[in-house]
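Here's the structure we're looking at; comments come further down.
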Amino acid sequence: MNKLITIERHFVEEQKRHPQATGELTDLLYDVAFAAKLVRREVVRAGLADILGMTGTTNVQGEEVKKLDLFANERIINAIGQHGRFALMGSEENEGTIIPPKNETGRYVLLFDPLDGSSNIDVNVSVGTIFSIYRLTGDDPKKADINDCLQKGSRQVAAGYVIYGSSVMMVYTTGHGVHGFTYDPTIGEFLLSYENITTPARGKYYSINEGSTEQLNEPTIGFLDWLKKEDEATGRPYSTRYIGSLVADFHRNLLTGGVFIYPATKKHSEGKLRLMYEANPLAFICEQAGGRATNGSKRILDIEPADLHQRTPLYIGSREDVIVAEEFERGER
Ligand code: P6P
C-alpha cells in the first residue's frame with residue numbers, strides 16, 4: 001500500500017527541504033488547493049446545478065461568459081483572498097487587477113484562469129484551472145500595482161493547474177520538480193499520485209487545431225507535414241490529439257510526451273492563448289518536467305509582459321519536438 005500523502009503534507013515536506021523557506025509559500029498553496037476543492041465540487045455536478053449556460057455577458061476577451069466561469073472566478077477570489085496572503089490578483093475574467101478581500105499583509109501576487117476551456121463544460125469535456133504565483137516586487141502590499149503582475153515568467157515562485165476530468169488532479173511546481181495529486185472524494189483530499197513528473201524528450205502526439213491550417217504560416221505547415229511523415233527512427237508519424245481544452249491537451253502531453261501548438265494565425269495574429277495566466281504557468285511546469293516552451297523563437301519565460309491579457313503563440317511540450325518546430329520557424333528545415 002503506497003503511503004497516502006495529502007497535498008498539504010507534500011507542501012510541508014517540500015518546505016522542510018528548503019531551510020530558508022518561511023512557510024508563506026506553503027500557506028499560499030494551501031489556499032489554492034482549498035479553492036480547487038470548492039470549484040471541483042460545482043464542476044463535477046455542473047449538469048445538475050443551475051450554473052450551466054451563458055450569463056448573457058461577455059468578458060474582457062470579448063468571449064461569452066458562462067455561469068461556471070463566474071462561479072469559479074468568485075470562489076477563487078473569495079476563498080484565497082480572505083487569508084491576507086496575496087496583495088494583488090489578476091484573472092482572465094477581470095479586465096483590471098483585483099485587490100483581495102484581505103490584502104494587508106500579502107507579499108505575493110496570484111494570476112489565474114479560473115476555468116479554462118469552459119466552452120467544453122456543457123458537453124462534459126475536461127476543463128481546468130491554471131494559476132501562477134509571484135512575489136511582490138516591493139515590500140508594501142498597499143503599494144502593489146499592475147507592475148507586480150507584469151513580471152517575466154522566469155520570476156514565478158510557483159505554478160500549477162487543476163484538471164477536472166475523469167478524475168480531478170492538481171499538478172504544481174515551486175521550482176523543485178513537478179508533482180501530481182489525485183482528488184479522493186471519499187476523504188476530500190488531493191493525494192500524491194505522480195511524484196517528480198518528467199516529460200519524454202520526444203513525444204507521440206501533436207496537438208493543434210488543424211481546422212486553422214489555411215491560416216498558418218509556411219514554417220508551421222512544414223512542421224506539421226514533418227510530424228505526419230513515416231520515419232521509424234523518430235517514431236513518426238505522430239498521432240494527432242486535440243481536445244480544444246488547453247489544460248487537458250497539456251496534461252496528456254506532459255505525461256505521454258508530445259507537442260501542443262497554438263501559433264499565430266490570421267484570426268489570432270499574436271496567438272490566442274494568454275501569456276500571464278496560461279503560457280507562463282504551463283511553461284514553468286513544462287520546463288521543470290524537462291520540456292520546452294517557446295513562442296516559436298523565444299523562451300516563454302523570458303518574454304517581458306506589457307499587458308495583463310496579452311496573448312502569445314505557444315509551442316510547448318517534449319523538448320526535442322519543440323526544438324524541431326523552432327528549426328522550421330527559423331527556416332533551418
Ligand atoms: P480553438 C479554450 O477556449 C482555449 O482557450 C484553450 O483551452 C484551448 O486550447 C483553445 O482555446 C482552443 O482554441 O481556436 O482551437 O478552439
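Below, all heavy atoms of this structure are taken into account, side chains as well, without hydrogens, waters or symmetry copies. Start at 1 with the first residue, then count along the sequence. For ligands, and for the atoms within them, numbers begin at 1 and follow the listed sequence. Predicted model only: the values in this text are computed from it and were never measured.
Counting atoms of ligand 1 from 1 in the listed order, those under 4.0 Å from a heavy atom of Tyr262 are 1 (P), 13 (O), 14 (O), 15 (O). In the vicinity of Phe260, heavy-atom distances shorter than 4.0 Å reach the ligand 1 atoms 9 (O). When each atom of ligand 1 is checked for a heavy atom of Leu246 under 4.0 Å away, the hits are 6 (C), 7 (O), 8 (C), 9 (O). Near Tyr242, with a cut-off below 4.0 Å to any heavy atom, the atoms of ligand 1 are 1 (P), 12 (C), 13 (O), 15 (O). Every atom of ligand 1 is numbered from 1 in the order shown, and the set under 4.0 Å from a heavy atom of Ser245 is 7 (O).
Taking the six-membered ring wherever Trp is involved, the centroid distance between the rings of Tyr206 and Phe223 does not fall below 6.0 Å. Aromatic ring centres of Tyr172 and Phe11 lie closer together than 6.0 Å.
The backbone N or O of Asp113 lies less than 3.5 Å from no partner atom in the side chain of Glu278, so there is not a single donor-acceptor pair.
The heavy atom nearest to atom 5 (O) of ligand 1, out of those in Asp113, Asp116, Leu314, is found in Asp116.
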For Tyr238 and Tyr205, run ring pair (Phe, Tyr, Trp, His ring centres under 6.0 Å): C-alpha distance rounded to whole Å, both residues' side-chain angles, the deciding distance at 0.1 Å, then the answer.
-> CA-CA 5 Å; Tyr238 284 21; Tyr205 296 131; 8.6 Å; no
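Between His10 and His179, the ring planes lie tilted relative to each other; the angle falls in the 30° to 60° range.
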